[in-house]
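Worksheet: the structure to be examined is printed underneath.
Proteins come first, then strands; the chains are lettered A, B, ... in the order of their sequence lines, and each starts at number 1.
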2 protein chains.
Amino acid sequence: MLDPLMHDIDPAVREKIAALAEEMRRNGGGRDDPVRSVMGLLGDRWSTLVLLVLETGTWRHADLRRMTARLSAEQAISQRVLTLKLRALEREGFIHRDVTTDVPPKVSYRLTPLGLDLMTQVRGLIDWINTRRAPILASRAAFGEEHP
Amino acid sequence: MLDPLMHDIDPAVREKIAALAEEMRRNGGGRDDPVRSVMGLLGDRWSTLVLLVLETGTWRHADLRRMTARLSAEQAISQRVLTLKLRALEREGFIHRDVTTDVPPKVSYRLTPLGLDLMTQVRGLIDWINTRRAPILASRAAFGEEHP
DNA sequence: CCGCATCCTAGGCGATACTG
DNA sequence: CAGTATCGCCTAGGATGCGG
């Protein structure tokens, strides 16, 4: 079934790609596939930063917003987008939303066990990138010279 | 310096957030900070899929395009965007571009050692998500019921 | 304090056609 | 075959104002 475009592909590569295709077929691959949605979240402008802050404890909505401003050293996440991202993270099961019965109600967010577990992966990735900062910047410099 | 908005934050949380702030300050945090750019790439529509294919060996541009179509089971990446993504990946130092002296020249791409190393991290993250598929989908279902 | 509705802009991505 | 140029769409994200 993959043959038509497997013409002059190296046999060893052909085997590996078949395994990859099988893996992709088993999982969804669609837009709402967890792999794509979660990696999409981690790659967006704010979600990872929000998760990093929530990793330190429980946060109120407004404090969370102000803290993103401090940490990114630029500007705060807009109120609308923060709510959007918190909803998305809550939907995936990574954070939990608490609402008190006070008037006005106080809303706070914290990581779920699943979200805490996710952060070990995210931490690993961030640390990997940070320790590879030098070769990455070197590659960018070289790339810049070859592309006038 | 963080005091003004540290009013009623839990002392234990305050310590952790200070450590996080220090970590963010040391690294850039800007738009072209490696952490943001790399995670942005991994979270976009195509880069991770391209990396997964290149993990299997060396690929020509056109074959790579056709393979993304097969693997995503939807449509192929557009020629323009594939070139864009390959350039970005090359710039970060994750893939290498080979051009033969033939006429017409043949162009092929493969992972660099750095890119291969990156894939161990990406693999870990993808595997983590795949093994958490059930709780994530369960959380989505519960979220859907609470949000009519 | 929190969330929602509205409007707006920038950028990601696809489609097509064209060059070497 | 690989890459570029142009176009148009669509979504992420910001700004503001209102209501609970």
The side chain of [X] lies closest to which of these nucleotides: [options]?
| X | options | answer |
| --- | --- | --- |
| B/V107 | C/dC2, D/dG14, D/dA2 | D/dA2 |
| A/V81 | D/dG14, C/dC13, D/dG3 | D/dG14 |
| A/A62 | C/dC13, C/dG3, C/dC2 | C/dC2 |
| A/I77 | D/dG14, D/dG3, C/dC13 | D/dG14 |

When rounded to the nearest 0.5 angstrom, what is the spacing between NE2 in B/H61 and CG in B/L82? 4.0 Å
Whole-Å gap separating [atom2] ([N]) and [atom1] ([X]):
| X | N | atom1 | atom2 | answer |
| --- | --- | --- | --- | --- |
| B/R80 | C/dC18 | CZ | P | 18 Å |
| B/L84 | C/dG12 | CG | P | 8 Å |
| A/K106 | D/dG20 | NZ | C1' | 15 Å |
| B/L49 | C/dC13 | CG | C1' | 15 Å |
| B/R60 | D/dG3 | CZ | C1' | 13 Å |
| B/R66 | D/dC1 | CZ | C1' | 9 Å |
| B/L82 | C/dG12 | CG | P | 16 Å |
| B/Q79 | C/dT19 | CD | P | 15 Å |

Need one value for [X]: base, sugar-phosphate or nothing, where a base atom within 4.0 Å counts as base even if backbone is also close, heavy atoms only.
| X | result |
| --- | --- |
| B/R87 | sugar-phosphate |
| A/R45 | sugar-phosphate |
| A/R97 | sugar-phosphate |

Around atom CD of B/E145, are there more than 12 heavy atoms of other residues, nucleotides or ligands at under 6.0 Å? no
Taking for A/Q75 and for A/P104 the nucleotide of DNA chain D with the nearest heavy atom, the one nearer the 5' end belongs to A/Q75
Here's a test of your reading of the structure: between A/R31 and A/P105, which maps to the more 5' nucleotide of DNA chain D? A/R31
Heavy-atom check, side chain of A/L64 versus side chain of A/L86, under 4.5 Å: yes
Looking only at side-chain N and O atoms, does A/W46 come under 4.0 Å of OP1 or OP2 in D/dG14? yes
Short side-chain N/O contact from B/K85 to OP1 or OP2 of C/dG12, under 4.0 Å: no
What I want to check is whether the side chains of A/R140 and B/S37 have a donor and an acceptor closer together than 3.5 Å. yes
Quick one: which of A/T58, A/L114, A/T112 gives a side-chain contact (heavy atoms from CB on, under 4.5 Å) with A/H96? A/T112
